[in-house]
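I have placed the structure first, in the form of structure tokens, so that the comments after it can refer back to it.
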Amino acid sequence: MKRKIALGLTGIMVLSAMTGCGKSSKYLLDVDYSDYVKICEYKGVEAEKVKTGVTKEEIQEEVESRMYDFVTYDPITDRGIQIGDYANIDYTATMDGKEAEDYSSEEEDILVGEGYLYPELEEALIGMKTGENKKVDVVLTEDYAEEEDVGKKLSLDVKINEITLENLPEYNETFVKENTDYDSIADYEAAVEKELKEYKDESYKFEAIDSIMAYLVDNSEFDGYPEELYKQCEENYDSSNEYNAAMYGMELEDYLKLMGIDEDSKKEDIKANVNYELVVGVIAQKEKIDCTEEEINTFVKDNYSEYGYESEEDFLEDYSKEEIGYELIYEKVTEFLYENAKFKEISEEEYKKAHPEEEYFEDEDAVEDENLAPASDKDVTTDPQESETEQETNTEKQEENPKESDTSEGGSTTEKE
């Protein structure tokens, strides 16, 4: 699946229809941004620089995680299901004599014994063989049911499609030599440590940039905005929500409800996006930050394949040079702010204690290893109420959460789809 450039802070579809003579760059609006924002002092903004390190435990956790790129699942045909097996099952639920689609599922992979399904069902699976059917009655609890259904009885018609046993290769010197670019465990783990350190540093850098940008927006004075900028932000906001809803197999209305987006919050989000764009624009103009067509061409040449395109021409069919130019200016502006910030160094422990509401860069966010083969497609569904579409989405991107796709903020150069 193709990756998506997150153009600037809001992913705005910039402004190819408005690239006249320009006051500083053809990749910005043809306006004087200072007409709309009185920027506060943007050099020397205080921010936190996190001193990172990587523990032996983190290295081992990452190595173990990467081993699952090589996992195989061996079919079991000569016995029934045991605790620790993976089972692919169909189950049709009936409630009050009628089929209950919300509690039914097809082709669902589960790890037997992990407690992801109804306890009565998992207990009934023990001993069942491939192709067998069984009827199981369960009583819905709050862990597995909508509030209005708690306490009701559910009848499940269960079929076993396949039983498999997870098989992980042994992690040793031979494995490392045959499957990585390294000749020893020591060299490989040193590389893992380096990658984790770089990933942490980059992640905390983005956190610092986000805090700097938030400070500038909160402490600057805004006086209106170009109507075309608001329109572009609104169009992008709507298209972003539509895209995210489709990616997670949800109707747009359901996605908006999940995200808590109504007309009032939508206007607030769009206005926040507009203000972020105004801050970027005014700093770019004051500091004469621009990009060249050569830089754009280099970006396309170096990155088109990373975004899932076959050629530079294919990439430029989806993204105009004006859009890419704005993205490069945005990166230069945020890099300028970072380089001119006033930092207070703190440890990871201090940072996490000071920011308990934030999520950190562990396990599912671990950096990918380009030396290893693609991960297996054997994923485990953990919610018995997920629809088939949601399960397929989980298989493609199990680690992501739609609530993490914030349409009002951004700041990284790319987003994976």
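Throughout, numbering of the chain's residues begins at 1 and tracks the sequence.
- Note that the CD atom of Glu335 and the CD1 atom of Ile209 stand 6.0 Å from one another [nearest 0.5 Å].
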**Item:** Glu310 vs Tyr304, side-chain hydrogen bond (donor to acceptor under 3.5 Å, both in side chains): CA-CA, chis, key distance, verdict
**Value:** CA-CA 7 Å; Glu310 296 294 328; Tyr304 75 86; over 6 Å; no
**Message:** Quick one, Gln60 with Glu64, criterion side-chain hydrogen bond (donor to acceptor under 3.5 Å, both in side chains). Give me CA distance, side-chain angles, the key distance, then yes/no.
**Reply:** CA-CA 6 Å; Gln60 290 306 311; Glu64 291 173 7; over 6 Å; no
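- In this structure, Lys301 does not pair ionically with Glu312, as no charged nitrogen and carboxylate oxygen lie closer than 4.0 Å.
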**Message:** For a side-chain hydrogen bond (donor to acceptor under 3.5 Å, both in side chains) check, start with the C-alpha distance between His355 and Glu48, then their side-chain angles and the critical distance, and finish with the verdict.
**Reply:** CA-CA 11 Å; His355 303 272; Glu48 296 171 325; 2.8 Å; yes
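- Remark: aromatic rings of Tyr42 and Tyr215 are distant, center separation not under 6.0 Å.
- How far OG1 of Thr92 is from CG of Asp157: 6.0 Å, rounded to the nearest 0.5 Å.
- There is a side-chain donor-acceptor pair under 3.5 Å between Asn244 and Tyr255.
- Minimum interatomic distance between Ile163 and Met128 (heavy atoms only, all atoms of both residues): CD1-O, 3.6 Å.
- A donor-acceptor contact shorter than 3.5 Å links the side chain of Gln285 to the backbone of Tyr33.
- The backbone N or O of Ser105 lies less than 3.5 Å from no partner atom in the side chain of Glu108, so there is not a single donor-acceptor pair.
- A side-chain donor from one of Asp201 and Thr52 sits under 3.5 Å from a side-chain acceptor of the other.
- For the atom pair Ile185 CD1 and Thr180 OG1, the distance stands at 10.0 Å (nearest 0.5 Å).
- Formation of a donor-acceptor pair under 3.5 Å by the Thr298 side chain with backbone atoms of Glu294 is found in this model.
- Below 30°, between 30° and 60°, or above 60°: for Phe315 and Tyr319 the angle between ring planes is between 30° and 60°, a tilted geometry.
- Scanning both residues, Val136 and Ala124, for their nearest heavy atoms gives CG2-CB, 3.6 Å.
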**Message:** Evaluate Leu256 against Glu253 for side-chain contact (heavy atoms from CB on, under 4.5 Å), listing each step before the verdict.
**Reply:** CA-CA 5 Å; Leu256 295 177; Glu253 183 179 354; 5.9 Å; no
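- With ring centers used as reference points, Tyr248 lies 6.0 Å or more from Tyr243.
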**Asked** Can you list the steps and then say if Leu168 with Tyr68 is a side-chain contact (heavy atoms from CB on, under 4.5 Å)?
**Response** CA-CA 7 Å; Leu168 274 173; Tyr68 275 87; 3.7 Å; yes
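- Look at Glu287 and Lys43 and you find a salt bridge, because one of the NZ, NE, NH1 or NH2 atoms lies within 4.0 Å of a carboxylate O, short of that distance.
- Under the 6.0 Å distance and 45° angle rule, Lys159 does not count as a cation-pi partner of Tyr91.
- The backbone N or O of Val112 sits nowhere less than 3.5 Å from a side-chain atom of Glu122 that would complete a donor-acceptor pair.
- In summary, the side chains of Asn241 and Lys266 do not present any donor paired with an acceptor at a separation below 3.5 Å, with no hydrogens or angles considered.
- Here the shortest heavy-atom pairing between Thr164 and Pro75 reads CG2-CA, 4.0 Å.
- Annotation for Leu165 and Gly84: closest pair CD1-O, 4.4 Å, computed over non-hydrogen atoms.
- If you check the side chains of Tyr103 and Asp149, you find a donor sitting under 3.5 Å from an acceptor.
- Atom CG of residue Leu337 and atom CG of residue Leu216 lie 6.0 Å apart, to the nearest 0.5 angstrom.
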**Message:** Checking Leu156 against Leu154 for the side-chain contact (heavy atoms from CB on, under 4.5 Å) test, could you report, in this order, the C-alpha distance in whole Å, the side-chain angles of both residues, the deciding distance, and whether it holds?
**Reply:** CA-CA 6 Å; Leu156 302 174; Leu154 202 66; 3.9 Å; yes
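- The residues Glu198 and Lys194 are annotated as salt-bridged, a charged nitrogen and a carboxylate oxygen being separated by less than 4.0 angstrom.
- The nearest pair of heavy atoms linking Val280 to Val333 is O-CG2, 4.0 Å.
- Looking at Tyr237 and Asp269, their side chains do bring a donor and an acceptor atom within 3.5 Å of each other.
- Side-chain contact check for Cys291 versus Ile296: some heavy-atom pair is nearer than 4.5 Å.
- Residues passing the salt bridge (Lys or Arg N to Asp or Glu O under 4.0 Å) test with Glu193, sequence neighbours excluded: none.
- Using a distance-only test at 3.5 Å, with no hydrogens or angles considered, a donor-acceptor pair links the side chain of Asp85 to the main chain of Gln82.
- In this structure, the side chain of Glu323 engages the main chain of Ser320 through a donor-acceptor pair within 3.5 Å.
- A salt bridge links Lys200 to Glu58: one of the charged nitrogens lies within less than 4.0 Å of a carboxylate oxygen.
- A pairwise comparison of heavy atoms in Phe175 and Glu170 identifies CB-O, 3.4 Å as the closest pair.
- Other residues, nucleotides and ligands place no more than 12 heavy atoms under 6.0 Å from the NZ atom of Lys271.
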**Message:** With side-chain contact (heavy atoms from CB on, under 4.5 Å) as the criterion, how do Met213 and Val279 come out once you've worked through the C-alpha distance, each side chain's angles and the decisive distance to 0.1 Å?
**Reply:** CA-CA 8 Å; Met213 288 297 299; Val279 166; 4.0 Å; yes
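- Ionic pairing of Glu295 and Lys332 is present here: one or more N-O contacts between side-chain nitrogen and carboxylate oxygen are shorter than 4.0 angstrom.
- Using modelled atom types, one side-chain atom of Ser347 and one backbone atom of Glu350 make a donor-acceptor pair closer than 3.5 Å.
- Residues Leu229 and Leu278 form a side-chain contact, since some pair of their non-hydrogen atoms from C-beta on lies under 4.5 Å apart.
- Here the straight-line distance linking atom CD1 of Ile329 with atom CG of Asp290 works out to 4.5 Å at 0.5 Å rounding.
- Annotation: the span from Asp90 atom CG to Asn161 atom CG amounts to 4.0 Å, rounded to 0.5 Å.
- Crowding of Glu101 atom CD: a count of heavy atoms from other residues, nucleotides or ligands under 6.0 Å not exceeding 12.
- With respect to Glu62 and Arg66, a salt bridge is recorded, a charged nitrogen being found less than 4.0 Å from a carboxylate O.
- A 6.0 Å sphere centred on CD of Glu123 holds no more than 12 heavy atoms belonging to other residues, nucleotides or ligands.
- Using modelled atom types, no side-chain atom of Ser220 and backbone atom of Val217 make a donor-acceptor pair closer than 3.5 Å.
- With hydrogens and angles disregarded, a donor-acceptor distance shorter than 3.5 Å links the side chain of Ser104 to the backbone of Ala93.
- By the 30° and 60° cut-offs, the orientation of the rings of Phe299 relative to Tyr307 is tilted.
- Residue Glu148 places its CD atom among more than 12 non-hydrogen atoms of other residues, nucleotides or ligands, all under 6.0 Å distant.
- Looking only at side-chain heavy atoms (C-beta outward), Val274 and Pro226 stay at 4.5 Å or farther from each other.
- Without hydrogens or angle criteria, Tyr86 side chain to Glu166 main chain gives no donor-acceptor distance under 3.5 Å.
- For the 3.5 Å distance criterion, the side chains of Asp318 and Tyr309 qualify, holding a donor opposite an acceptor.
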